2 protein chains.
Amino acid sequence: MKLFAREGYAAVSMRRIAAEVGVQAGALYNYTPDKQSLLFTLMHDHMQALLAAVPGDPKADPLARLETFVAFHIRYHHDRPDEVFISYMELRNLTPENFAVIEDLRRRYEDVLESILRDGMAAGRLHTPDTKIATLAVIAMLTGVSTWFREGGRLSLEDITARYWDMVRGAVGVRAQ
Amino acid sequence: MKLFAREGYAAVSMRRIAAEVGVQAGALYNYTPDKQSLLFTLMHDHMQALLAAVPGDPKADPLARLETFVAFHIRYHHDRPDEVFISYMELRNLTPENFAVIEDLRRRYEDVLESILRDGMAAGRLHTPDTKIATLAVIAMLTGVSTWFREGGRLSLEDITARYWDMVRGAVGVRAQ
DNA sequence: CTTTCTAATGAACAGGTGTTCAGTTATCTG
DNA sequence: CAGATAACTGAACACCTGTTCATTAGAAAG
């Protein structure tokens, strides 16, 4: 995972992976049928864990759920930079069948946010003309944090989360109280 | 560019590039000193063209400039999917020196948006506690369009641009008139 | 201590990698 | 037309690629 994240799937050889864990290349094939499965397993495990971890209580207040989602997304992605990086960068190195599986999991994650936005609309707590577009925009915005945030900078992750919560509220038309 | 965008720098060989343009691999070296320069030139040209094309009249109304920037970013990136994809995905395949050059150009592009936000704040037309964070959030949000937008879908690029202009306004705290 | 089972090695396979360069072919100039 | 310049080929270099497999080493069980 470290090597794939740092240098990319195509640029890392099985021999390098083997050296990293202290064996010869042949030994890897006791654990994976091939290199492709290695990549797919990393991405699949990550997406499964993401879906299992995302909080989603349909009975709670939509705005509270939205705030929870924003904080969750930023924190979860921040804590797993390698997994996140691979899952966004190495999609094109998956076989079509494997790609379809990951795409489906990703869509299900997006659906969590879109449900929140739809419930928020129904409850009149927010106003956005297109919940699908808003979902994609919010996720792109939040995921962007992991491309530039580094510990020890001007702002803490809590500061960042507060700023993004402001921006998300504005973007999806939450009226001031 | 097509091959790098579609399959990735590391996965494409000089022989494949040569075949694509109808020559032998050796002939490519009449035009580029090495493969790395090929990648760097693509990215460098793209970033230079982007910076040359971005509209930025400092005397105009900040809100009008912001709307222009949003429409420009979406349109410009939509029209150059391969360049955009390479410039975001292949950063790690640049040598450190080349990476620094591209990073600098990217920062200069971000500065264009941040200037607009700062002027908007000074003019009291928008309200965002951190223009740097807002800049990164807005650019991530807008760039995300090119990862999912396909011609002929439910919405036209003009529809999308209108929705994103709504969301950007909300995100950076533009008060309703 | 021997047998059984698991796990790792290291060589081999068939092919691919970026890059160089002497030699050939094509194009342009006078 | 000949001469000069430019462009391209194709072989070569030294090495790396994912994957397989007979053989060896290590650990667990009886």
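All values below were derived from every heavy atom in this structure, side-chain atoms included, with hydrogens, water molecules and symmetry-related copies excluded. In this text, all values refer to a predicted model and were calculated from it rather than measured experimentally. Numbers restart at 1 for each chain; the letters A, B, ... are given by sequence-line order, proteins then strands.
In the set D/dC8, C/dT9, C/dG18, C/dT9 carries the atom at the smallest distance from any side-chain atom of A/Gln24. For B/Lys35, taking side-chain heavy atoms from C-beta onward, the closest of the listed nucleotides C/dG18, C/dA7, D/dT19 is C/dG18. Minimum atom distance to the side chain of A/Asp34 is reached by D/dT19, of the listed C/dT19, D/dT19, D/dC8. The nucleotide whose nearest atom lies closest to any side-chain atom of A/Ser13 is, among C/dG18, C/dA8, D/dT17, D/dT17.
A/Asp130 and B/Arg154 are joined by a salt bridge, as a carboxylate oxygen and a charged side-chain nitrogen come within less than 4.0 angstrom of each other.
Nearest-nucleotide positions on DNA chain C for B/Gln36 and A/Tyr31 put A/Tyr31 closer to the 5' end. Two residues, A/Gly22 and B/Met14, neighbour DNA chain C, and the one matched to the more 5' nucleotide by heavy-atom proximity is A/Gly22.
In this structure, CZ of A/Arg16 is placed 16 Å from C1' of D/dG18, rounded to the nearest angstrom. Distance, B/Glu7 CD to C/dT17 C1': 16 Å, rounded to whole Å. Atom P of nucleotide C/dC21 and atom CG of B/Asn30 are separated by 13 Å, given to the nearest angstrom. If you take CG of A/Leu3 and P of D/dT17, they are 12 Å apart, rounded to a whole angstrom. Rounded to an integer number of Å, the gap from OH of B/Tyr29 to P of C/dA22 is 17 Å.
Contact annotation: side chain of A/Arg15 to base of D/dT19, donor-acceptor pair present below 3.5 Å.
A donor-acceptor pair under 3.5 Å is formed between the side chain of B/Gln36 and the backbone N or O of B/Thr95. Panel note: side chain B/Ser156, backbone B/Asp159; a donor-acceptor pair is recorded below 3.5 Å.
Checked against the 6.0 Å centroid criterion, the rings of B/Phe69 and B/Tyr109 qualify as a close aromatic pair.
Counting any heavy atom pair closer than 4.0 Å across all strands shown, B/Val21 reaches no nucleic acid atom.
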